[in-house]
2 protein chains.
Amino acid sequence: MLTIGKLGEAAGVKVPTIRYYEQIGILPEPERSAGNQRLYGTRTLDRLAFIRHARDLGFPLEAIRDLLSLSDRPDQSCAEADVIAKEQLGAVRARITRLTALKGELERMIVQCAQGTIANCRVIEALSDHASCTQGHQRAASMAGGDDNIQEVAS
Amino acid sequence: MLTIGKLGEAAGVKVPTIRYYEQIGILPEPERSAGNQRLYGTRTLDRLAFIRHARDLGFPLEAIRDLLSLSDRPDQSCAEADVIAKEQLGAVRARITRLTALKGELERMIVQCAQGTIANCRVIEALSDHASCTQGHQRAASMAGGDDNIQEVAS
DNA sequence: CTAATGTCTCTAGCAACTAGAGGTTCAAGA
DNA sequence: TCTTGAACCTCTAGTTGCTAGAGACATTAG
């Protein structure tokens, strides 16, 4: 039997994340020790590894929940799993397309920045000049899953 | 003078988002009409278009805040703006690399799904089999800004 | 036995919005 | 002029997928 810390270590998932997964119901409530600490078997380790891997692949937790409920009924058709994976692939492709366009625009911006003053800075100017934008004006309706925010770029 | 709705339409930004930007201080508090409604000039439209464009490029609001404070002091060097843009470019490149790897893995998974039952579904199996993962085990320390979650894939 | 580490629950916070309640103001048509 | 309906106001709470902290209890190594 594994404690929560060992489980997290084995699966590559942080301890609070495991408790969070239990809270939202994608991991079952485990046994407890005499002192009320969670104890897990290898079944849960497999399940958690599955979740982690799917998260790494970009699947949202709701999709993972669906996948898990499918794998709990192994006699069903795998068509549903296939659909989920294909949707995921479409979303990933769309993101790559979009990010590639962004990369081009950023590269242009940086090349044009001649280390002058802000007044004639191409970076700021490129950001101000919406007309030179390669993307359209549709933000909400742009592409499926097009939420390309990057964390920790500059504080 | 533009009302908030017209401003949002002109800049391609939703009304609650504008109020949110004001709340977090990246848009100034505007004038008000006699009936307490917000009224904006073209200065704010420019600023909002700048924000929207930068968001489209994936800049986080904190980076945009820095960029805006730079552009408020036009005599400074643009080196800082250059640094921010370069960080952004690095993050975008890392995301593309990562997403391309994910795309390959998803494609493999889907090709192998022979429309059988869950019991021998390659999609589920590929997700369970952590050993066949092309990525390492480092999640937190993977790549800069590597948070590739996709929304709205499956409910 | 004690000290250090691990675990417990609970609450609050992060980004970047979005949605809703319940009320007010404005512009246009009859 | 009145009236309707859209747009606006403030405020709170929800979203996703966690992360961080407080204060208390459990376990384990020396």
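So that the names make sense, note that chain A is the first sequence line, chain B the second, and so on, each numbered from 1.
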Atom [atom1] of [X] to atom [atom2] of [N]: distance rounded to whole Å?
| X | N | atom1 | atom2 | result |
| --- | --- | --- | --- | --- |
| B/L48 | C/dC17 | CG | C1' | 14 Å |
| B/Y40 | D/dC8 | OH | C1' | 11 Å |
| B/E62 | C/dG13 | CD | C1' | 15 Å |
| B/L39 | D/dA7 | CG | C1' | 13 Å |
| B/I51 | C/dC17 | CD1 | P | 10 Å |
| B/L2 | C/dA27 | CG | P | 13 Å |
| A/Q23 | C/dT9 | CD | C1' | 11 Å |
| A/Y20 | D/dA20 | OH | P | 15 Å |

Problem set entry | Remaining members of hydrophobic cluster (4.5 Å side-chain criterion), B/M1 | B/L39
Exercise. Should A/T44 and A/I18 count as side-chain neighbours, where that means a heavy-atom distance under 4.5 Å?
Worked result: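 No, side chains not in contact.
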Problem set entry | Heavy-atom side-chain contact between A/Y40 and A/L45 under 4.5 Å |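 A side-chain contact is absent here, since even the closest heavy-atom pair is not under 4.5 Å.
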Pairing residues for [X] by the side chain to side chain contact (heavy atoms under 4.5 Å, CB included) criterion, not counting sequence neighbours:
| X | answer |
| --- | --- |
| A/V15 | A/I4, A/R19 |
| A/T100 | A/I96, B/I96 |
| A/E107 | A/K103, B/L89, B/R93 |

For this session: Ignoring hydrogens and angles, tell me if any N or O in the side chain of B/R65 forms a donor-acceptor pair with the backbone of B/P60 under 3.5 Å.
Result: no
Exercise. So, does A/R55 use its side chain to make a donor-acceptor pair with the main chain of A/F50 at under 3.5 Å?
Worked result: no
Problem set entry | Pairs flagged by salt bridge (Lys or Arg N to Asp or Glu O under 4.0 Å) wherever residues 20-42 of chain A is involved - sequence neighbours left out |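 Found A/E22-A/R38.
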Exercise. Which of residues 24-35 of chain B have a heavy atom under 4.0 Å from DNA chain D?
Worked result: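 Going residue by residue through residues 24-35 of chain B, the ones with a heavy atom under 4.0 Å of DNA chain D turn out to be B/R32.
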At less than 4.0 Å, is any side-chain N or O atom of [X] found next to OP1 or OP2 of [N]? Yes or no.
| X | N | answer |
| --- | --- | --- |
| A/K14 | D/dT19 | yes |
| B/T17 | C/dT18 | yes |
| A/Y21 | D/dC18 | yes |

Heteroatom pairs (N/O) under 3.5 angstrom, protein to nucleotides 4-7 of chain C:
{"from": "C/dG6", "atom 1": "N2", "to": "A/Q37", "atom 2": "NE2", "distance (Å)": "3.4"}
{"from": "C/dT7", "atom 1": "OP1", "to": "A/T3", "atom 2": "OG1", "distance (Å)": "2.9"}
{"from": "C/dT7", "atom 1": "OP1", "to": "A/G5", "atom 2": "N", "distance (Å)": "2.9"}

